[in-house]
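Everything on this sheet refers to the single structure shown next.
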Amino acid sequence: MANEPLLIGVLGSGRGSNCQSLIDAIAAGRLNARIACVIADVPDAFILERARKHGIPAFYIDPAPFKTKLEGPAETRVIETLRAHGVQAVALAGYMRIVKKGLLEAFPNRVLNIHPALLPAFPGMEAWKQALAYGAKVTGCTVHIVDAGTDTGPIILQKAVPVQEDDTPATLHARIQEQEHRAYPEALRLLAEGRIRLVGRRVAIVPAAED
Ligand code: GRF
């Protein structure tokens, strides 16, 4: 018998194309999961509209009084909303805030992030611009478990993207996003299938069970 779908809560601030890639992977039967709710820290973030279009409960939670972190009353409300929707794993998808201990302890080793570079290279903001400015020949994307640092948690999977001579920040970011849209559903699938084992800071991928 098939396992129960993994209930995912998505946190975002912007376009939500990664959230869309999860919605599409679920619809196509590539990911045994359900997006239980979407939460944004920006009232008119397009990610909320996408979610509502697909009948997914979507909430704006005012992040005040913090400018760059998720802490205080907003963090409490986010955790309560995720719990009220039965969320088992949290996917940060273009969420422009640093998440703190409260959320990480509520979902231990089950808060994931997607970052637009091959970590540990180019952590932080606009990583594709950093890679281009540095002159990297290869960059990519990383899905990792979120820990207390910024973009430092155990790596689940990465996909490489060659940098082309004529790349602009926009063209490079677009090609990285194509890989993100493959990587995030794959990583969540590994989580949904219980195939992620943490060994120190390394993620070991358990082979798929035979049917
Ligand atoms: C992605 O490039 C992701 O790696 C970064 O923020 C961007 C979000 O894009 N964390 P979207 O909102 O999913 O389209």
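Sequence positions, counted from 1, serve as the residue numbers for this chain. Each ligand, and each atom within it, is numbered from 1 in the order the structure gives.
Using a 4.5 Å heavy-atom cutoff, the side chains of Asn113 and Val143 are not in contact.
For atom 11 (P) of ligand 1, the closest non-hydrogen atom of the protein is Ser17 N, 3.4 Å. Residue, atom and distance of the protein heavy atom nearest to atom 3 (C) of ligand 1 are Glu180 OE2, 3.3 Å. Regarding atom 12 (O) of ligand 1, its nearest protein heavy-atom neighbour is Gly16 N, 2.8 Å. Taking atom 10 (N) of ligand 1 as the reference point, the nearest protein heavy-atom neighbour is Ile114 O, 3.1 Å. Residue, atom and distance of the protein heavy atom nearest to atom 7 (C) of ligand 1 are Gln177 NE2, 4.0 Å. With respect to atom 8 (C) of ligand 1, the closest heavy atom belonging to the protein is Gly94 CA, 3.5 Å.
Residue contact check: Arg15 has heavy atoms under 4.0 Å from atoms 12 (O), 14 (O) of ligand 1. For ligand 1, the atoms closer than 4.0 angstrom to any heavy atom of His173 are 2 (O).
At a threshold of 4.0 Å, the pair Lys159-Glu180 does not count as salt-bridged, since none of the basic side-chain nitrogens sits closer than that to a carboxylate oxygen. A salt bridge between Arg182 and Glu178 is absent, with no side-chain N of the basic residue lying under 4.0 Å from a carboxylate O of the acidic one.
Counting heavy-atom neighbours within 6.0 Å of Tyr134 OH, excluding the residue itself, gives a total of 12 or less.
Judged by distance alone, the side chain of Arg110 and the main-chain N or O of Leu191 form no donor-acceptor pair under 3.5 Å. Between the side chain of Thr76 and the backbone N or O of Gly72, at least one donor-acceptor pair lies under 3.5 Å.
Considering backbone and side-chain N/O atoms, Trp128 never comes within less than 3.5 Å of an N/O atom of ligand 1.
Side-chain contact, Gln88 with Arg34: no donor N or O sits under 3.5 Å from an acceptor N or O.
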